[in-house]
Protein chains: 2
Amino acid sequence: MQPAPQSERPDDAAKKAYVLDEQIGYLLRLVNQRHALIFQEHTVLDLTPTQFSAMVRLLDEGECSQNELGRRTAMDVATIKGVVDRLRVKGLVRLRPDPNDRRRTTISVPGPHEDLRATLHAVGRRITRQTLKPLTPAERRTLLRLLAKMV
Amino acid sequence: MQPAPQSERPDDAAKKAYVLDEQIGYLLRLVNQRHALIFQEHTVLDLTPTQFSAMVRLLDEGECSQNELGRRTAMDVATIKGVVDRLRVKGLVRLRPDPNDRRRTTISVPGPHEDLRATLHAVGRRITRQTLKPLTPAERRTLLRLLAKMV
DNA sequence: TCCAATTTATTTGTATGCTAATGGAAGGGC
DNA sequence: GCCCTTCCATTAGCATACAAATAAATTGGA
């Protein structure tokens, strides 16, 4: 009965319609969902994305305190604690008190690192490649550049 | 003491180094974190991003069953249930059994819609604008286009 | 040296977000 | 008309993620 409501609103010439599917936050959630699926298909040692990030940081940059690892991986202190706990249960990290600072717990990866490091890098490359598959090589570079600009 | 290890690896000419900060999954998490902060600063009615999406879908497309609302907002059945529960507690949605299908619960927004809808659209625009602020207008269009291509 | 501010780790509470399992209801094909 | 499949909603369990509060240890400045 009524005509389309937007034709009655005075701001129509100035504003485009608000379409949820075109909002950055909504799109980020959807792209994240797809990435999480791909990650799960390709991961090793049952690592989740955050666990994977923590392991890569430890292998690439060496052992550190729990809070420092949180900063290296952009995780809250409460979040990194849970991640480290689950890695410890899996036997992938070792915790020991810092002799120089009794507040700190040093997190390290036991055993030889090179094979594990190479494996994680290879898996990470595969996950990134699969996630970026819908884009052309030029688009991939553009997307990563623009995302990095927004952090 | 050892030379840089990458100079010993045979695949160095073919592969670039794996840098966590340049991986799509890691970047998506960081950008999401920033967006979540901005969202929290600007939101109304204490709506979270998913609650906001559900409300916008209901206001833009009308009432529907709980599972249907989940599909409209790309949420799992378990996730949309939690979201609807919290919206119900806030009094923002009403639940009633579907007389034609006893499996279904119809979710609707009580009261007049136009003001609430206009408010949510305005808030959503503000959040999107603030999130995309580091980019030029052309870059914003590009980013949204590439993200949409990846869903 | 001593006190205030900072840092570290932990805990609690809330909110996604997924898988998997369950039970009830509806629908389609025979 | 019956059965098999599908659909709907709920529940339990696991893993992020953040805020806020706490307690212990360290540090820096007066």
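Here is how names work: the chains are called A, B, and so on, in the same order as the sequence lines, proteins then strands, and each is numbered from 1. Values reported hereafter were calculated over all heavy atoms of this structure, with side chains retained and with hydrogens, waters and symmetry mates removed.
One finds a side-chain N or O of Lys81(B) lying less than 4.0 angstrom from the OP1 or OP2 phosphate oxygen of dT10(D). Residue Gln33(B) places at least one side-chain N or O under 4.0 Å from the OP1 or OP2 atom of dC18(D). Thr48(A) has no side-chain polar atom (N or O) that falls below the 4.0 Å cut-off from OP1 or OP2 of dA15(D).
Both Leu143(B) and Val151(A) are members of a single hydrophobic cluster when ILVMFWY side chains are connected at heavy-atom separations under 4.5 Å. Criterion: ILVMFWY side-chain heavy atoms under 4.5 Å apart, direct or through other members. Under it, Val77(B) and Leu58(B) are not part of a common hydrophobic cluster.
In this structure, Arg72(A) contributes its side chain and Cys64(A) its backbone to no donor-acceptor pair below 3.5 Å. Between the Glu68(A) side chain and the Ser65(A) main chain, no donor and acceptor come within less than 3.5 Å of each other. When atom types are taken as modelled, the side chain of Arg96(A) and the backbone of Thr106(A) share no donor-acceptor pair closer than 3.5 angstrom.
Distance, Arg29(B) CZ to dA15(D) C1': 13 Å, rounded to whole Å. The distance between atom CD of Gln40(A) and atom P of dT16(D), rounded to the nearest whole Å, is 12 Å. Rounded to an integer number of Å, the gap from CD of Glu68(B) to P of dC7(D) is 13 Å. Note: CG (Leu28(A)) to P (dA17(D)) measures 14 Å, nearest angstrom. As a whole-Å value, the separation of Arg96(B) CZ from dA9(D) C1' is 17 Å. Between Asp85(B) atom CG and dT10(D) atom P there is a gap of 7 Å when expressed in whole angstrom units. If you measure from atom CZ of Phe39(B) to atom P of dA17(D), you get 18 Å, rounded to the nearest angstrom. With rounding to whole Å, Leu30(B) atom CG is found 10 Å from dA17(D) atom P.
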List the atom pairs, with distances to 0.1 Å, where a side-chain N or O of residues 35-46 of chain A and a protein N or O form a donor-acceptor pair under 3.5 Å, not counting sequence neighbours.
unit_1   : atom_1 : unit_2   : atom_2 : d
His42(A) : ND1    : Ile38(A) : O      : 3.0
Thr43(A) : OG1    : Leu47(A) : O      : 2.8

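Between Lys149(B) and Glu139(A) there is a salt bridge, since at least one side-chain N of the basic residue sits less than 4.0 Å from a carboxylate O of the acidic one.
Nearest-nucleotide assignment on DNA chain C puts the 5′-proximal partner with Gly82(B), out of Gly82(B) and Leu37(A). Nearer to the 5' terminus of DNA chain D, by closest-nucleotide assignment, is the contact made by Leu95(B) (compared with the other of Leu95(B) and Asp76(A)). The nearest heavy atom of DNA chain D to Gln51(A) and to Arg102(A) marks one nucleotide each, and the one closer to the 5' end goes with Gln51(A).
Of the candidates dC8(D), dT26(D), dA17(D), dC8(D) carries the atom nearest the Arg71(B) side chain, counting heavy atoms from C-beta on. Side-chain atoms of Asp101(A) lie closest to dA25(D) of the nucleotides dT11(D), dA25(D), dC18(D).
Closest non-hydrogen pair, Leu20(B) versus Tyr26(B), comes out as O-CB, 3.4 Å.
Where DNA chain C meets chain A (any atom under 4.0 Å from a heavy atom), the bounding nucleotides read 5' to 3' are dT7(C) to dC18(C).
Applying the 3.5 Å distance criterion, the base of dC7(D) shares a donor-acceptor pair with the side chain of Arg103(B).
Across all strands, Thr50(A) comes closer than 4.0 Å only to sugar-phosphate atoms, never to a base (heavy-atom distances).
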